[in-house]
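The figures here come from the full heavy-atom set of this structure, side chains too, leaving out hydrogens, waters and symmetry mates. In what follows, every chain begins at residue 1, and chains take the letters A, B, ... in the order their sequences are listed.
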Amino acid sequence: MATSRPKGTNDFLPADTVKWHYVEGILRDLADQYGFAEIRTPIFEATELFLRGVGETTDIVNKEMYTFTDKGERSITLRPENTASTARAFIEHKMYGLPQPVKLYYMGPMFRYERPQKGRFRQFHQFGIEAFGSLDPALDSEVITLAMEFYKRLGLNGLQVRLNSVGCPVCRGEHKAKLQEMLRPHLDVLCADCQSRFERNPLRIFDCKNDKCQALIKEAPTIADCLCDECRDHFEKVKTYLTAAGIPFAVDAKLVRGLDYYTKTAFEIILTEIGAQSAICGGGRYDGLIEDLGGEATPGVGFALGMERIFAALDANQIEIPVENGADVYFIALGEKAREKAFSWLIQLRRRGIKGDMDYMARSFKAQMKAADRIDAKYAVIVGENELQNNEIIIKNMADSSQETIKTEQISEAAEAADVVIEELIRRIQK
RNA sequence: GUGGGUGUGGCGAAGCGGUUAACGCACCGGAUUGUGGCUCCGGCAUACAUGGGUUCAAUCCCCAUCACUCACCCCA
């Protein structure tokens, strides 16, 4: 139906958007403090970018992309995430020529064709950061710290950082081989899902919820057991830096990320109170991504956090976002002549930075007072026929109900009289 | 894609085989001449998702469809 929105999408109404502005403001401030600058990439990209960037074995690519052919016969996909696009932009704009690391953040809608549920939508919004060009484990920790700092500023509690290292292509390959070797004799015991994971991505068997699979995988070597010296050393340093930053974390050897590009550090931040989709932030290092996309080998590390899940978390924690509303002034005008005056003054006050409004519904005096109250106006300025006759207006303080009458000279002669009134009003409103 | 739950006016929410289908919120108007919040009074609206069926009779029972929702897979 033309009057209902597509499945899995949301309209954010004024009551929502004020909250988004607040949260986005915190994110921008924080990113800026940490030295990240905003990048905005297209909402759609060549499909090829995600095939190569996100990975052909991932669920995202296999069943969740919004892909279509445009009129120029190009295969286009609505971005399911923004790391691949950011990496593409890094290469395209030759950012390897900039002082490294290049620290970027983004914010915006992403699209995945999935069955919606709590905390999951077809159009959802992510804030993410990416730091390119440095292998320093301190940067991994900085990224995690930034996320945790953000939650702290919002006042969220109960979050857990789960941390792991998925190794590099070398040690991961070794691990995969060992894992398959160990599991192969028991293949028939595994659930259908895990049997298909066995070849594609055996790591995923670690977080299968099936009891039989769990029993089997319990004895299997974890990635941690197989890390090469470099990866192990990197992982240790990430932990050291996290501790230095005062960020508590739990190493979870079973943590695997669903995107192919991750190397070494993988982490997620979860809050179980928001439902089954409890990951509020996920990220890690992706040292091979830029090269995979055709750029010079450049390491990177970053995360994405889901905005909708932030709001779910705020609800779960019963945190009210401070919303600032209320106007400085509301004009109450009766009669056509008075409305003209009020309209003119209102416009002039707004030009001077005053926030205000007036009635456009031909309401009665009383109803206009109600309207002034409803928008939480500090002052009501009353311009009625009596006032017009006596060359005066009434300015009423809505909080304490006091009011005073201001004489206006030549109230019927527009320009210069208006200036006097405006100055007088501004003096009082800003007092 | 698979499974469960739900679908009553703008929102929330009763009801139940036969009613003028409650109520609350919101909104609009009024409570002596042009002064808001509290209170009181009144008003408001294409309200029983859609299509079939059972029945003398269906908002209520059955079926289908659609929508929403939760969960699985996976992810933010």
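- Map A/Ser278 and A/Tyr113 each onto its nearest nucleotide of RNA chain B; the residue landing nearer the 5' end is A/Tyr113.
- The distance between atom CZ of A/Phe365 and atom P of B/rA31, rounded to the nearest whole Å, is 14 Å.
- Following rounding to the nearest Å, A/Glu392 (CD) and B/rU35 (P) show an atom-to-atom distance of 16 Å.
- Remark: C1' of B/rG5 and CD of A/Gln117 are 14 Å apart, rounded to the nearest angstrom.
- In this structure, A/Ala371 and A/Tyr262 both approach RNA chain B, and ranking their closest nucleotides by distance from the 5' end singles out A/Ala371.
- In this structure, A/Arg79 CZ and A/Ser85 OG are separated by 6.5 Å, a value rounded to the nearest 0.5 Å.
- Rounded to an integer number of Å, the gap from CD of A/Gln368 to P of B/rG29 is 10 Å.
- Side-chain atoms of A/Arg115 lie closest to B/rU2 of the nucleotides B/rG34, B/rU2, B/rA76.
- The CD atom of A/Glu114 sits 10 Å away from the P atom of B/rA76 (whole-angstrom rounding).
- Within the structure, a side-chain polar atom (N or O) of A/Arg374 is placed less than 4.0 Å from OP1 or OP2 of B/rC28.
- The distance from atom CG of A/Asn317 to atom CD1 of A/Ile274, rounded to the nearest 0.5 Å, is 10.0 Å.
- In this structure, the side chain of A/Arg363 does not engage the main chain of A/Gln368 through any donor-acceptor pair within 3.5 Å.
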*Dump the intermediate steps for ring pair (Phe, Tyr, Trp, His ring centres under 6.0 Å) on A/Tyr261 and A/Tyr286, then the final yes or no.*
CA-CA 5 Å; A/Tyr261 50 62; A/Tyr286 40 86; 5.7 Å; yes

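- When the C1' atom is used for both B/rA26 and B/rG34, the distance is 27 Å, rounded to whole Å.
- For the pair A/Leu271 and A/Gly158, the tightest heavy-atom approach, listed with the atom from each and the gap, is CD1-O, 3.4 Å.
- Comparing the C1' positions of B/rG24 and B/rU8 gives a spacing of 15 Å, expressed to the nearest Å.
- Regarding A/Glu387, its CD atom lies at a distance of 12 Å from the P atom of B/rU35, rounded to whole Å.
- Distance check on atom P: B/rA71 versus B/rA49 gives 25 Å, rounded to whole Å.
- Scanning both residues, A/Ala31 and A/Tyr105, for their nearest heavy atoms gives CB-CD2, 3.5 Å.
- The distance between atom CG of A/Asn386 and atom C1' of B/rU35, rounded to the nearest whole Å, is 13 Å.
- Residue contacts for A/Ala372: at a heavy-atom cut-off of 4.0 Å it reaches no nucleic acid atom on any strand shown.
- Comparing B/rG15 with B/rG9, their P atoms are spaced 16 Å from each other, to the whole Å.
- Here B/rA76 is the nucleotide among B/rC70, B/rC72, B/rA76 with the atom lying nearest to any side-chain atom of A/Leu259.
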Can you give me the N/O atom pairs linking the protein to nucleotides 37-42 of chain B at distances under 3.5 Å, or say none if there are none?
{"residue": "B/rG37", "atom": "O4'", "partner": "A/Asp373", "partner atom": "OD2", "Å": "3.2"}
{"residue": "B/rG37", "atom": "O6", "partner": "A/Ser401", "partner atom": "OG", "Å": "2.8"}

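- Nucleotides B/rC11 and B/rA47 place their C1' atoms 12 Å apart, quoted to the nearest Å.
- Minimum heavy-atom separation, A/Ala372 to A/Ile332: CB-CD1, 4.5 Å.
- With B/rG30, B/rG34, B/rC28 as the choices, the nucleotide that has an atom nearest any side-chain atom of A/Ile382 turns out to be B/rG34.
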*When Watson-Crick pairs (N1 to N3 and N6-O4 or O6-N4) and G-U wobble pairs (N1-O2 and O6-N3) count only below 3.5 Å on both distances, what is the dot-bracket string of RNA chain B, with | for other-strand pairs?*
(((((((..(((.....[....))).(((((.......))))).....(((((..]....))))))))))))....

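- Atom NZ of A/Lys118 and atom P of B/rC72 are 13 Å apart (whole Å).
- The A/Ala279 side chain lies nearest to B/rA76 when the options are B/rA76, B/rG29, B/rC27.
- Residue-environment remark: CZ (A/Arg350) exceeds the threshold of 12 foreign heavy atoms within 6.0 Å.
- Rounded to the nearest Å, the gap between the P atom of B/rU69 and that of B/rC27 is 27 Å.
- If you check the side chains of A/Glu130 and A/Thr86, you find no donor sitting under 3.5 Å from an acceptor.
- Note on A/Ser364: only backbone sugar-phosphate atoms sit closer than 4.0 angstrom, heavy atoms only; bases stay farther off.
- Closest approach to the A/Ala276 side chain among B/rA76, B/rC72, B/rG34 is made by B/rC72 (side chain taken as heavy atoms from C-beta onward).
- One side chain, A/Gln348 or A/Ser344, offers a donor N or O that lies under 3.5 Å from an acceptor on the other.
- At the heavy-atom level, A/Lys7 lies under 4.0 Å from the strands shown only through sugar-phosphate atoms.
- Atom name C1', nucleotides B/rC44 and B/rG30: the rounded distance is 14 Å, in whole Å.
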_side chain to side chain contact (heavy atoms under 4.5 Å, CB included) for A/Phe150 and A/Leu156? Distances and angles first, verdict last._
CA-CA 9 Å; A/Phe150 166 60; A/Leu156 288 174; 6.0 Å; no

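- Counting non-hydrogen atoms under 4.0 angstrom, A/Ala377 reaches nothing in the nucleic acid.
- Closest to the side chain of A/Ile394, from the set B/rC68, B/rA71, B/rG34, is B/rG34.
- To the nearest 0.5 Å, the span separating CZ on A/Arg257 from CD on A/Glu268 amounts to 4.5 Å.
- Nucleotides B/rC61 and B/rG7 are separated by 10 Å at their P atoms, to the nearest Å.
- Residue-level contact check: A/Gly119 touches the bases, meaning some heavy atom is under 4.0 Å from a base atom.
- Looking at heavy-atom distances under 4.0 Å, A/Phe127 makes no contact with the nucleic acid at all.
- Between the base of B/rU35 and the side chain of A/Gln403 there is a donor-acceptor pair shorter than 3.5 Å.
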